[in-house]
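Structure first, commentary second.
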Number of protein chains: 2
Amino acid sequence: MTKHQADLSLLFHALSDPTRRSILTRLAEGPARVTDLSEPTGYSLPTVMRHLAVLEEAGLIASAKDGRVRTCAIVPEAFKPVRTWLDEQRLIWERRLDRFEAMALKAMKEKDE
Amino acid sequence: MTKHQADLSLLFHALSDPTRRSILTRLAEGPARVTDLSEPTGYSLPTVMRHLAVLEEAGLIASAKDGRVRTCAIVPEAFKPVRTWLDEQRLIWERRLDRFEAMALKAMKEKDE
DNA sequence: TTGATGCTTAGTCATATTGCTAACTATCAC
DNA sequence: GTGATAGTTAGCAATATGACTAAGCATCAA
């Protein structure tokens, strides 16, 4: 598996959990401390930490510690490979449809003759 | 968890595996039989079947059996919730940036006075 | 310096995931 | 009907995931 594919897998996997998505949505509003992210979810701190680790490994968030407090922030560019992959799939599919349409048109013309 | 969130989790999870993504890419080119999908991956038929089941549960593909042969096809609309979710996150983040910029502009003006 | 706060680590548990092989069923071609 | 083909089911093993509690460490406030 290429590095790109591995990155995509990490990204999609990170996004596949509803708790992690809710954390991302919260962080889209602005940076937050670990405890701030833990409270609304109702999950224990270690559990949230693990989710944050998954998000950080995927590159979707960045975090830094200042004193006792770790602040997390979203990394908007990190979503790009996901969008790009979706676009690529759509392109392949649309090209196929175009060919299909061209064939249908050709068939109609030949029928006309 | 709402149904929508559950659907999103299924979708992202389905997309998180490189073998499943390669199957989708193949199917974007056009429908294919199970064996056609198995051969290029190098995985056993039962393994591929399982991947197909995951994709079908997520709604990303549809399949039908004719005689002995099961034909699988991509369901392009199924990607839409993923795109929508990404767009929503981006919107939240952009709104935040706008507010931030507005604040900065205001601060600059006040400094001018 | 002592206590509260914020995070981290370690260890456990249940379940899910991803691969396999072996055996089975259903269909098609002779 | 016999054999090859296409898919399916069952069951196994290794690893990953997602939750928890309990205990630890570092920092800040008084």
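All values below come from the heavy atoms of this structure, side chains included, with hydrogens, waters and symmetry mates left out. Residue numbers begin at 1 in each chain, while the letters A, B, ... track the order of the sequences.
Using a distance-only test at 3.5 Å, with no hydrogens or angles considered, no donor-acceptor pair links the side chain of A/Ser38 to the main chain of A/Val34. Using a distance-only test at 3.5 Å, with no hydrogens or angles considered, a donor-acceptor pair links the side chain of A/Arg20 to the main chain of A/His13. In this structure, the side chain of A/Thr25 does not engage the main chain of B/Gln89 through any donor-acceptor pair within 3.5 Å.
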- Per-nucleotide protein contact along nucleotides 22-30 of chain D, 5' to 3', at a 4.0 Å heavy-atom cut-off (B base, S sugar-phosphate only, - neither), is B----BS--
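With rounding to the nearest 0.5 angstrom, the CG atom of B/Leu27 is 10.5 Å from the CG atom of B/Leu60. Going from atom CD1 of B/Ile74 over to atom CG of B/Leu24 covers 5.0 Å, rounded to the nearest 0.5 Å.
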For nucleotides 13-18 of chain D, which of its nitrogen or oxygen atoms have a protein nitrogen or oxygen under 3.5 Å away, and what is each distance?
| from | atom 1 | to | atom 2 | distance (Å) |
| --- | --- | --- | --- | --- |
| D/dG18 | OP1 | A/Arg20 | NH2 | 3.3 |
| D/dG18 | OP2 | A/Arg20 | NH1 | 3.1 |

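Note: B/Trp85 and B/Phe12 have perpendicular aromatic rings, judged against thresholds of 30 and 60 degrees for the angle between ring planes.
Going from atom CG of B/Leu52 over to atom P of D/dT9 covers 13 Å, rounded to whole Å. Computed from coordinates, the A/Phe12 CZ to C/dT17 P distance equals 17 Å when rounded to whole Å.
Looking at which nucleotide of DNA chain D each of B/Met49 and A/Ser44 is closest to, the 5′-most match is held by B/Met49.
Applying the side-chain hydrogen bond (donor to acceptor under 3.5 Å, both in side chains) test to B/Gln5 and every residue at least two apart in sequence or in another chain returns A/Arg21. Contacts of A/Trp93 classified as ring-ring contact (aromatic ring centres under 6.0 Å, His included), with partners at least two apart in sequence or in another chain: none. The side-chain hydrogen bond (donor to acceptor under 3.5 Å, both in side chains) test applied to B/Arg70 returns B/Ser63, not counting sequence neighbours.
Contacts of residues 25-40 of chain B with DNA chain D (heavy atom under 4.0 Å): B/Arg33, B/Val34, B/Thr35.
Residues B/His51 and B/Thr19 come closest through the heavy atom pair CD2-CG2, 3.8 Å.
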